[in-house]
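Data block below; observations after.
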Amino acid sequence: MPGGRLTQQERQQIALGLTDGLAYAEIARRLDRPTSTITREVMRNGGPTAYRADLAHRATGHRARRHRQVAARGPGAAPPADGRDPEVVREYEEVFTTLLMQQGLPKMMSRVLTCLYTTDAGSLTASELVQRLQVSPASISKAITFLANQGLIRRERDERRRERYVVDDDVWYQGMIAAARSNIQLAETARQGVRVLGPDTPAAARLENIARFVDFVTESLTRAAEQAREILYTKTEATPGADAAPRSEPG
């Protein structure tokens, strides 16, 4: 049923669909499931190139058992010190990780970045990441190297001389500017094609239109990033006793 959990047979059909190169929407149609269900299932279990039905089914069973264990603690269990429901937080982390993977980031790198972004301090040591994600130190080391090389995190030393990995608030601005630079290169390459193919040909006209479109989008993106950059550093304060959106502190 569309609202129920995926069965092992359905997961096998998903794996076959991925092997045949079917889009998520087509797989969902064949299974009478929402496309979002198929997308989430694939991305949380290795992505389209590494998805395996048996491993995915086993992992889902593990998550279900963990959820039952949390529920079994009952209403009398002491709430976490930070007041957050650990299961709800884990579910959100899976959603955020899936989003990063859909943006092209490898799974382990996505998990590490999500972990850093959902930590109040915005920084963790390698051992803390190993403990939180339950993976090997080598996996963490590889992910950290990749993220640092991409400029998505930075390294610093704490008072105990331990290396900590920090998510920089400015990374989103830098990412937008990097995307703008990439677009500029695309526009330049398109215009190179105009010169090669001749200005009066349909192909050249097509490339010139692409270049003009990219120029406009790039200029708008750069301007918006510059204007909005200060938002990344705005301090927020939650309203006590309410679930309303955070408000900015007076400047």
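Just so it is clear, the structure is predicted and the values come from calculations on it, not from any experiment.
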| task | Would you mind telling me which of Leu105, Val112, Ile153, Leu113 makes a side-chain contact (heavy atoms from CB on, under 4.5 Å) with Phe146? | result |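 Looking at Leu105, Val112, Ile153, Leu113, the match for Phe146 under the side-chain contact (heavy atoms from CB on, under 4.5 Å) is Leu105.
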
| query | Can you tell which of Ile210, Asn209, Asp215, Val217 makes a side-chain contact (heavy atoms from CB on, under 4.5 Å) with Phe213? | reply |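 Exactly one option meets the side-chain contact (heavy atoms from CB on, under 4.5 Å) with Phe213, and it is Val217.
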
For the [atom1] atom of [X] and the [atom2] atom of [Y], what is their distance to the nearest 0.5 Å?
{"X": "Glu163", "Y": "Leu124", "atom1": "CD", "atom2": "CG", "answer": "13.0 Å"}
{"X": "Arg191", "Y": "Leu186", "atom1": "CZ", "atom2": "CG", "answer": "10.5 Å"}
{"X": "Ile38", "Y": "Arg30", "atom1": "CD1", "atom2": "CZ", "answer": "12.0 Å"}
{"X": "Gln8", "Y": "Asp54", "atom1": "CD", "atom2": "CG", "answer": "7.5 Å"}
{"X": "Leu22", "Y": "Ile27", "atom1": "CG", "atom2": "CD1", "answer": "5.5 Å"}
{"X": "Asn45", "Y": "His57", "atom1": "CG", "atom2": "NE2", "answer": "11.5 Å"}

Is it the case that more than 12 heavy atoms not belonging to [X] sit under 6.0 Å from its [atom1] atom?
{"X": "Arg155", "atom1": "CZ", "answer": "yes"}
{"X": "Lys107", "atom1": "NZ", "answer": "yes"}
{"X": "Met108", "atom1": "CE", "answer": "yes"}
{"X": "Glu156", "atom1": "CD", "answer": "yes"}

Can you find a heavy atom in the side chain of [X] that is under 4.5 Å from one in the side chain of [Y]?
{"X": "Leu116", "Y": "Val166", "value": "no"}
{"X": "Val88", "Y": "Tyr92", "value": "no"}
{"X": "Pro106", "Y": "Met101", "value": "no"}
{"X": "Glu93", "Y": "Arg90", "value": "yes"}
{"X": "Arg157", "Y": "Arg164", "value": "no"}

Minimum heavy-atom separation for [X] and [Y], please, with both atom names.
{"X": "Leu197", "Y": "Leu207", "value": "CD1-CD1, 3.7 Å"}
{"X": "Val135", "Y": "Arg111", "value": "CG1-NH1, 3.7 Å"}
{"X": "Tyr51", "Y": "Ile14", "value": "CE2-CG2, 3.8 Å"}
{"X": "Val130", "Y": "Pro137", "value": "CG2-CA, 3.8 Å"}
{"X": "Val42", "Y": "Pro48", "value": "CG1-N, 3.5 Å"}
{"X": "Tyr24", "Y": "Thr39", "value": "CD1-OG1, 3.3 Å"}

Does [X] share a hydrophobic cluster with [Y], counting links as ILVMFWY side-chain heavy atoms below 4.5 Å and allowing steps through other members?
{"X": "Ile177", "Y": "Leu232", "answer": "yes"}
{"X": "Ile144", "Y": "Tyr117", "answer": "yes"}
{"X": "Val95", "Y": "Leu100", "answer": "no"}
{"X": "Val167", "Y": "Tyr173", "answer": "yes"}

Within the distance-only criterion (no hydrogens, no angle test), does the side chain of [X] pair as donor or acceptor with the backbone N or O of [Y] below 3.5 angstrom?
{"X": "Arg11", "Y": "Leu6", "result": "yes"}
{"X": "Gln134", "Y": "Gln131", "result": "yes"}
{"X": "Thr118", "Y": "Thr114", "result": "yes"}

| message | With salt bridge (charged side-chain N to carboxylate O under 4.0 Å, His left out) as the criterion, how do Glu26 and Arg29 come out once you've worked through the C-alpha distance, each side chain's angles and the decisive distance to 0.1 Å? | response | CA-CA 5 Å; Glu26 176 60 20; Arg29 187 188 67 78; 2.7 Å; yes

| query | Under the salt bridge (charged side-chain N to carboxylate O under 4.0 Å, His left out) criterion, do Glu10 and Arg33 qualify, and how do the steps go? | reply | CA-CA 10 Å; Glu10 286 178 314; Arg33 292 277 190 172; 2.9 Å; yes

| message | Can you see whether Thr125 engages Arg162 through a side-chain donor-acceptor pair at a distance of less than 3.5 angstrom? | response |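 No - no donor-acceptor pair under 3.5 Å links their side chains.
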
